[in-house]
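The next block holds one structure in the form of structure tokens; read it before the comments.
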Amino acid sequence: ADIFQTHPYLAAVNCEDGVRRYGVEPCDVGSYVDAFEIVGRRTDKVAGIIPTCFAYRWYSTRNDYPTLEEYLCTSWAGIVRGVKAVMPYAAHDMGDRAQLWEGTRYLHESIRALEPHLLYGRRTTLTKSKTVETTLYELDGERVVIALNFTKDIQRAMFPGVRGCFKEFRGSRTLDVDKGIQLKPFEVFIATTAPCDSGLESYATMSARVVALEKERQSHDSQILERHDAVRFVSNMNGPWGKYYKLIDGCREMWAAASANKANPFV
């Protein structure tokens with residue numbers, strides 16, 4: 001094979017004890033890429049990552065979609081390990097959550113803008129732990145740094161050995177390489193020595209739109225909106241992968257059930 005794709009799905013679940021847990025921890029995503037042992041060794045082989053662009057809700061409505069921050073963090077967790085192919089996987093209805101629709105657009109716009117560095121730059125892992133990872137790319141005298149916070153807590157990322165003036169990619173902050181940068185939970189921080197984001201929407205603008213769209217989804221006038229534990233569906237229609245929950249999750253343009261050769265379909 002020439003292209004090796006891995007898909008360490010986040011598989012987020014909101015457990016009954018109130019804790020949000022994952023099938024694959026964000027800090028472990030990169031190890032799935034490392035396992036191929038081809039990054040940086042074979043120029044004719046490509047490693048790729050398949051980010052989690054869905055939720056396992058056909059098993060249980062406690063299984064949840066990645067948040068915008070989780071989605072971008074786990075995507076970049078694979079990228080900073082040297083992948084050169086990114087293919088988000090929407091097992092169902094990619095447009096049913098704003099953070100995945102907008103997040104996918106944002107992710108690929110960012111990859112396209114940084115593509116020369118990601119494909120041809122010299123990549124150096126600066127720090128790597130279960131909490132934070134920082135990476136440096138160097139190409140033709142220009143540099144890009146990427147910092148990832150794998151946790152639900154605020155963390156500080158450091159960039160040992162890096163010098164120069166860096167401005168945040170698709171943001172307004174300036175990086176002090178000696179002091180590092182404070183990262184919000186699951187934050188992806190990217191900074192460059194030369195502007196790479198001309199004409200691109202800022203992260204702040206995109207994330208504000210996600211918040212507004214999600215608020216709209218959750219504000220429909222319905223007494224059973226997202227009351228998944230209190231509603232039982234009875235139907236003679238086909239609900240692919242048990243997706244009757246789609247009838248009450250606030251999404252109005254997604255496929256929940258279909259009538260296939262039923263004379264009197266009902267829900």
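Residue numbers count from 1 along this sequence. Treat the numbers as computed from the prediction; the structure is a model and nothing was measured.
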Would the number of heavy atoms belonging to other residues, nucleotides or ligands and lying under 6.0 Å from NE2 of H228 be above 12? yes
Using a distance-only test with no angle check, is there a side-chain donor-acceptor pair under 3.5 angstrom linking R252 and H220? yes
Salt bridge between R122 and E138, side-chain N to carboxylate O under 4.0 Å? yes
Using only heavy-atom distances, determine whether the side chains of D140 and Y120 contain a donor-acceptor pair under 3.5 Å. no
Does D221, at its CG atom, have more than 12 non-hydrogen atoms belonging to other residues, nucleotides or ligands within less than 6.0 Å? no
Under a 4.0 Å N-O cut-off, is there an ion pair linking D64 with R57? yes
Strictly below 4.0 Å, N to O, side chains only: are R112 and E109 in salt-bridge contact? no
So, S172 versus E168: side-chain donor-acceptor pair below 3.5 Å or not? no
With a 4.0 Å cut-off, would you call R217 and E226 a salt bridge? yes
Parallel, tilted or perpendicular, as decided by the 30° and 60° cut-offs, for the rings of F54 and W58: parallel
Between E25 and K130, is there a side-chain N and carboxylate O pair less than 4.0 Å apart? no
Give me the ring orientation class for Y89 and Y9: parallel if the planes are under 30° apart, tilted from 30 to 60°, perpendicular past 60°. parallel
Any donor-acceptor N/O pair, T192 side chain to F169 backbone, under 3.5 Å: no
Indicate whether the side chain of R20 and that of N14 have a donor and an acceptor atom separated by less than 3.5 Å. yes
Which side-chain N or O atoms in residues 178-188 pair as donor and acceptor under 3.5 Å with protein atoms at least two apart or in another chain?
{"residue": "E187", "atom": "OE1", "partner": "K184", "partner atom": "N", "Å": "2.7"}
{"residue": "E187", "atom": "OE2", "partner": "R173", "partner atom": "NH2", "Å": "2.6"}

Checking side-chain polar atoms at under 3.5 Å, does T151 have a donor or acceptor matched by the opposite partner on T131? no
